[in-house]
Participant: 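Below: one structure in structure tokens.
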Amino acid sequence: MLRQQDVGHRIVVRRIVGIRAGRPLFSDALGELVELSETHITLATDGGPLRVPVGEVHRAKRVPPARRPTAAAVVDLETAADEAWPAPVRARLGDWRLRSAAGWTGRANSALPIGDPDRPLPAALDAVQRWYADLGQPALVNTPLPLAAPVGAELDARGWTSRPPTLVQTVPLVALTAPAPEAGAADPPPVALAAAPADDWLAIAADRKGGLPDAARHVLTAVDRIRFAELRVDGRLFAVGRGTVTGGGRWLGVSLLEVLPEARRRGYAVAVVRALAGWAAAEGATRAFLQVEQHNTGAVALYRRLGFTTHHTYLTRVAP
């Protein structure tokens, strides 16, 4: 049978759906485990959320993850993520994207090598270095794996280093909008969604990211469909999050999820994510994604409980 460690992983459930001639009838369901309680198993399937009473479960087990995503799927998701975190200074090198935001965050200040750069790989990387040198910035390249493995190999040969891996994680939006209260947990305060960030929202983001230059404000706000989540208690802001809908309207991007230290372990982060998911579902989105550093074990564990699984990873490569 399943355990709490299986939440967020792919499972198969064989359940009893009836009796015929004195024999049980079975039906199998495959999906991502969203919730495991004493009374129900909830999984996100391709057909939507499925809540199975424990009494109907004949057998349930974890199964291997789906096959490695296709190159097209990685490009689709990386494109949606790029649209959700728009650098104010941009250029193209064939299909590659060059991005600069005055050094604010690696994502907004790195080349994204997806597609064809319209020149041999060594020449493309030379052009990347020249572009950033002209801006007075160090050259960074984000390499989605395994898609950009050839780029990574060339960077290895040039002596580029790597920052810690970042996980690009996804979940069907129905897994975030289906009710899944924790047993015995008090309902968190309501979450408000604003079209623009309040001053105290920006202050929390600045504290987390080490300041907010003008370029950062562009990155945060220059998306057509966007919401800034605020969870307040007696007027004080305790939890924030940012949600965008990009990728042709399919993807909710969750970013800058933060809860003040004194308010953690109260379900506030989950409430913020669910509020953004409800908004994105109403906008027509069907899946959610986020990017989290692999060594941020607390955040990874939270996202696993919400049903997120790793779609692919990327490395931020740094020029010597």
Side-chain angles (χ1 to χ4, degrees), residues 34-35 49 80-81 83-86 104-105 169-182 184-212 214 216-247 249-292 296 298-299 302-303 305-308:
V34 174
E35 182 193 16
E83 294 169 358
W85 202 252
W104 192 76
T105 77
Q169 299 196 314
T170 66
V171 69
L173 210 55
V174 293
L176 301 179
T177 55
E182 296 182 10
D187 289 337
V191 176
L193 300 179
D199 288 343
D200 50 359
W201 194 106
L202 290 171
I204 291 176
D207 184 63
R208 174 175 173 178
K209 293 292 188 182
L212 286 180
D214 290 342
R217 293 173 183 265
H218 182 280
V219 173
L220 290 175
T221 60
V223 181
D224 289 338
R225 289 195 277 179
I226 190 167
R227 288 295 183 270
F228 297 87
E230 308 172 348
L231 189 151
R232 297 178 183 273
V233 179
D234 297 329
R236 184 185 175 194
L237 186 60
F238 279 99
V240 300
R242 174 180 176 272
T244 55
V245 172
T246 58
R250 180 186 177 206
W251 289 101
L252 163 67
V254 178
S255 59
L256 289 173
L257 181 63
E258 186 75 15
V259 179
L260 296 186
E262 63 268 35
R264 290 172 183 167
R265 301 188 183 280
R266 301 181 189 176
Y268 289 1
V270 173
V272 166
V273 173
R274 290 189 180 280
L276 292 171
W279 163 74
E283 291 284 314
T286 57
R287 294 188 67 84
F289 77 89
L290 53 81
Q291 296 166 317
V292 58
N296 188 350
L302 167 66
Y303 301 141
R305 291 196 299 273
L306 285 167
F308 282 90

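Bear in mind the structure is a predicted one, so any value in this text is a computation, not a measurement.
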Participant: Would you list the pairs meeting side-chain hydrogen bond (donor to acceptor under 3.5 Å, both in side chains) in which at least one residue belongs to residues 192-204, sequence neighbours left out?
Facilitator: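 Qualifying pairs, neighbours excluded: D200-R232.
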
Participant: Using every non-hydrogen atom in the two residues, find where V259 and A239 come nearest and quote the distance to one decimal.
Facilitator: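 In this case the closest contact between V259 and A239 is CG2-CB, 3.8 Å.
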
Participant: For P188 versus A271, what's the shortest heavy-atom pair and its separation?
Facilitator: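 Reported closest heavy-atom pair: CG-CB, 3.6 Å.
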
Participant: Can you find a heavy atom in the side chain of L290 that is under 4.5 Å from one in the side chain of L257?
Facilitator: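 SC-SC contact between L290 and L257 ruled out.
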
Participant: Kindly write out the residues that satisfy side-chain hydrogen bond (donor to acceptor under 3.5 Å, both in side chains) with W104, not counting sequence neighbours, or none if the list is empty.
Facilitator: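 In terms of side-chain hydrogen bond (donor to acceptor under 3.5 Å, both in side chains), with neighbours along the sequence ignored, W104 is linked to no residue.
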
Participant: Please collect all salt bridge (charged side-chain N to carboxylate O under 4.0 Å, His left out) contacts where either partner lies in residues 216-227, sequence neighbours excluded, each pair once.
Facilitator: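 Matches after skipping sequence neighbours: R225-E283.
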
Participant: So, using ring pair (Phe, Tyr, Trp, His ring centres under 6.0 Å) as the criterion, who are the partners of W279 when residues are at least two apart?
Facilitator: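 Per chain and number, W279 pairs via ring pair (Phe, Tyr, Trp, His ring centres under 6.0 Å) with no residue.
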
Participant: Only counting residues at least two apart or in another chain, list the ones meeting salt bridge (charged side-chain N to carboxylate O under 4.0 Å, His left out) with R266.
Facilitator: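 Listed in chain order: nothing, the list is empty.
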
Participant: Going by the rule salt bridge (charged side-chain N to carboxylate O under 4.0 Å, His left out), which residues pair with D207 if we only count those two or more places apart in sequence or in a different chain?
Facilitator: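 In terms of salt bridge (charged side-chain N to carboxylate O under 4.0 Å, His left out), with neighbours along the sequence ignored, D207 is linked to no residue.
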
Participant: Taking only residues at least two apart or on different chains, which pairs with a member in residues 250-259 satisfy salt bridge (charged side-chain N to carboxylate O under 4.0 Å, His left out)?
Facilitator: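 Qualifying pairs: D76-R250, R208-E258, E258-R264.
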
Participant: Distance check, rounded to the nearest 0.5 Å: I204 atom CD1 versus L212 atom CG?
Facilitator: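 Going from the CD1 atom of I204 to the CG atom of L212 covers 11.5 Å.
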
Participant: Locate the shortest heavy-atom distance separating A288 from L176; write the atom from each residue and the value.
Facilitator: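 Looking at all heavy atoms of both residues, the shortest contact is CB-CD1, 3.9 Å.
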
Participant: Taking all heavy atoms of A175 and all of R274, pick out the closest pair and write down the distance.
Facilitator: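 Scanning both residues completely, I find the closest heavy atoms to be O-NH1, 4.0 Å.
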
Participant: Got a sec, which residues hit salt bridge (charged side-chain N to carboxylate O under 4.0 Å, His left out) with R236, two or more places apart in sequence or on another chain?
Facilitator: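 R236 satisfies salt bridge (charged side-chain N to carboxylate O under 4.0 Å, His left out) with E262 only.
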
Participant: Under the side chain to side chain contact (heavy atoms under 4.5 Å, CB included) rule, collect the residues that match up with A84, sequence neighbours excluded.
Facilitator: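 Counting only residues at least two positions away or on another chain, A84 forms a side chain to side chain contact (heavy atoms under 4.5 Å, CB included) with T244, T246, F289.
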
Participant: Run the side-chain hydrogen bond (donor to acceptor under 3.5 Å, both in side chains) test against E83 and tell me which residues pass, sequence neighbours left out.
Facilitator: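 In terms of side-chain hydrogen bond (donor to acceptor under 3.5 Å, both in side chains), with neighbours along the sequence ignored, E83 is linked to no residue.
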
Participant: Determine the minimum heavy-atom distance between L252 and A285, stating which atoms define it.
Facilitator: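 Smallest interatomic distance, heavy atoms only, reads N-CB, 4.2 Å.
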
Participant: Using side chain to side chain contact (heavy atoms under 4.5 Å, CB included) as the criterion, list what pairs up with S255, not counting sequence neighbours.
Facilitator: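 Per chain and number, S255 pairs via side chain to side chain contact (heavy atoms under 4.5 Å, CB included) with W85, R242.
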
Participant: T221: what forms a side chain to side chain contact (heavy atoms under 4.5 Å, CB included) with it, not counting sequence neighbours?
Facilitator: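 Per chain and number, T221 pairs via side chain to side chain contact (heavy atoms under 4.5 Å, CB included) with P197, F228.
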
Participant: Identify the heavy atoms of P189 and L231 that sit nearest to each other, and give their distance.
Facilitator: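 For P189 and L231, the tightest heavy-atom pair comes out as O-CD1, 3.8 Å.
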
